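Contents: one structure, followed by commentary.
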Amino acid sequence: MTETAIGIKDLAFGYKPSKPVVTIQEFSVAKNTHTFLHGPSGAGKSTLLSLIAGILTPQSGTIEIFGETLSQMKAAQRDRFRGDHMGYIFQQFNLLPYLSVEENIFLPLTMSPAKKNRSSSPASEIDQLLDALNIGDLKHQSVGSLSIGQQQRVAAARSFMGQPKLIIADEPTSSLDFDNRKAFIECLFEAAKSAGATILFVSHDHSLSSLFDASVSLSEINRQP
Ligand SMILES: Nc1ncnc2c1ncn2[C@@H]1O[C@H](COP(=O)(O)OP(=O)(O)O)[C@@H](O)[C@H]1O
Ligand SMILES: [Mg+2]
């Protein structure tokens, strides 16, 4: 069993191949750690996350997730792999406003048979996640009526549903003040601990780095040729 959650080698990607956005010789994230990746706006953070999630494919190089090489998979296999093994917290949350909190958190199980199989009791899993993220009282509310901070916690709870081993978070705290960011991140770690999940968390806000096991600057690992 590999101890590496994410392993990147000789990666090159540009939206136009002639104009590389991400060029990384080596970057790895150890299993069961909380890694912080920071860099200024436009540095390529979201692009790198899309490559790790297999939404984008690199022009060259390899990305291994739990020892499986994304570039050896066909597009449909990558979609399945992402659905089965990853949870994604988006900058804009991507919650469905006409569904309740509980229904939003349940969604990943409708999209991944593996997540559905792992979740022997979805109702109690939802309750545990609501507890870990301190939003138990919101269970039946419509997502459209929630504050930004509450939506963030729902998006985080949803990312853990079905016990994916890798949680990818793209600037989920950018609209909160420092105290609320810290509280949110602590909840995230609490949920990760009980799920045995690895977290890769991206932000332009360097001040959060002390909360994490490891902190990496994208500008340091992203070397343009
Ligand atoms: N879909 C896209 N098509 C073309 N260029 C893009 C696209 N998405 C992002 N870019 C460019 O790639 C660079 C990195 O963007 P991004 O990964 O979003 O940075 P960050 O998340 O660090 O702010 C920027 O110059 C951005 O304009
Ligand atoms: Mg971004």
Side-chain angles (χ1 to χ4, degrees), residues 5-29 33-65 70-71 73 75-76 78-79 81-83 86-95 148-149 151-156 158-160 164 166-178 180-182 184-185 188-189 192 197-225:
I6 303 170
I8 289 180
K9 284 214 169 63
D10 301 322
L11 182 70
F13 172 82
Y15 292 94
K16 284 187 201 148
S18 57
K19 200 167 164 261
V21 173
V22 176
T23 313
I24 297 176
Q25 217 176 10
E26 182 143 24
F27 172 58
S28 63
V29 170
T33 58
H34 307 151
T35 294
F36 184 61
L37 180 72
H38 58 94
S41 183
K45 301 182 298 298
S46 296
T47 302
L48 177 58
L49 292 185
S50 295
L51 288 160
I52 289 169
I55 296 164
L56 294 172
T57 49
Q59 273 91 32
S60 57
T62 55
I63 301 174
E64 284 189 8
I65 310 291
L70 290 180
S71 54
M73 300 177 195
R78 278 199 309 274
D79 289 344
F81 187 80
R82 176 173 59 252
M86 300 184 203
Y88 217 102
I89 310 173
F90 298 92
Q91 196 163 1
Q92 309 301 339
F93 315 136
N94 294 12
L95 298 172
I148 296 290
Q151 289 182 47
Q152 225 147 21
R153 286 168 191 246
V154 176
R158 186 178 61 179
S159 75
F160 283 99
L166 177 61
I167 301 292
I168 292 174
D170 191 356
E171 310 232 26
T173 57
S174 42
S175 50
L176 294 181
D177 59 39
F178 183 80
N180 278 313
R181 285 178 193 187
K182 189 162 175 278
F184 172 78
I185 289 168
L188 205 61
F189 290 174
T198 303
I199 294 185
L200 177 60
F201 187 106
V202 156
S203 173
H204 63 274
D205 180 7
H206 194 190
S207 70
L208 298 170
S209 64
S210 62
L211 303 170
F212 290 78
D213 300 322
S215 171
V216 180
S217 155
L218 181 56
S219 340
E220 272 166 33
I221 58 168
N222 191 17
R223 302 225 177 270
Q224 302 304 330

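Ligands are counted one by one from 1 in listed order, and the atoms in each one are counted from 1 as well. Treat the numbers as computed from the prediction; the structure is a model and nothing was measured.
Interatomic distance, K45 NZ to S219 OG, rounded to the nearest 0.5 Å: 9.0 Å. Going from atom OG1 of T35 over to atom CG of L37 covers 9.0 Å, rounded to the nearest 0.5 Å.
Counting heavy atoms from C-beta on, the side chains of I24 and L218 come closer than 4.5 Å. Looking at I148 and F93, their side chains come closer than 4.5 Å, going by heavy atoms from C-beta outward. Residues I65 and M86 meet the side-chain proximity criterion, which asks for heavy atoms closer than 4.5 Å. Side-chain contact between F201 and I167 is absent, with no heavy-atom pair separated by less than 4.5 Å. Looking only at side-chain heavy atoms (C-beta outward), L51 and L70 stay at 4.5 Å or farther from each other.
Within a radius of less than 2.8 Å around the Mg ion (ligand 2), the protein N, O or S atoms are S46 OG.
A side-chain donor-acceptor contact under 3.5 Å links N222 to the backbone of T23.
Ring planes of H38 and H206: parallel class, angle under 30° (limits at 30 and 60°).
Enumerated by chain and number, the residues approaching ligand 1 to less than 4.0 Å through a heavy atom are Y15, V21, P40, S41, G42, A43, G44, K45, S46, T47.
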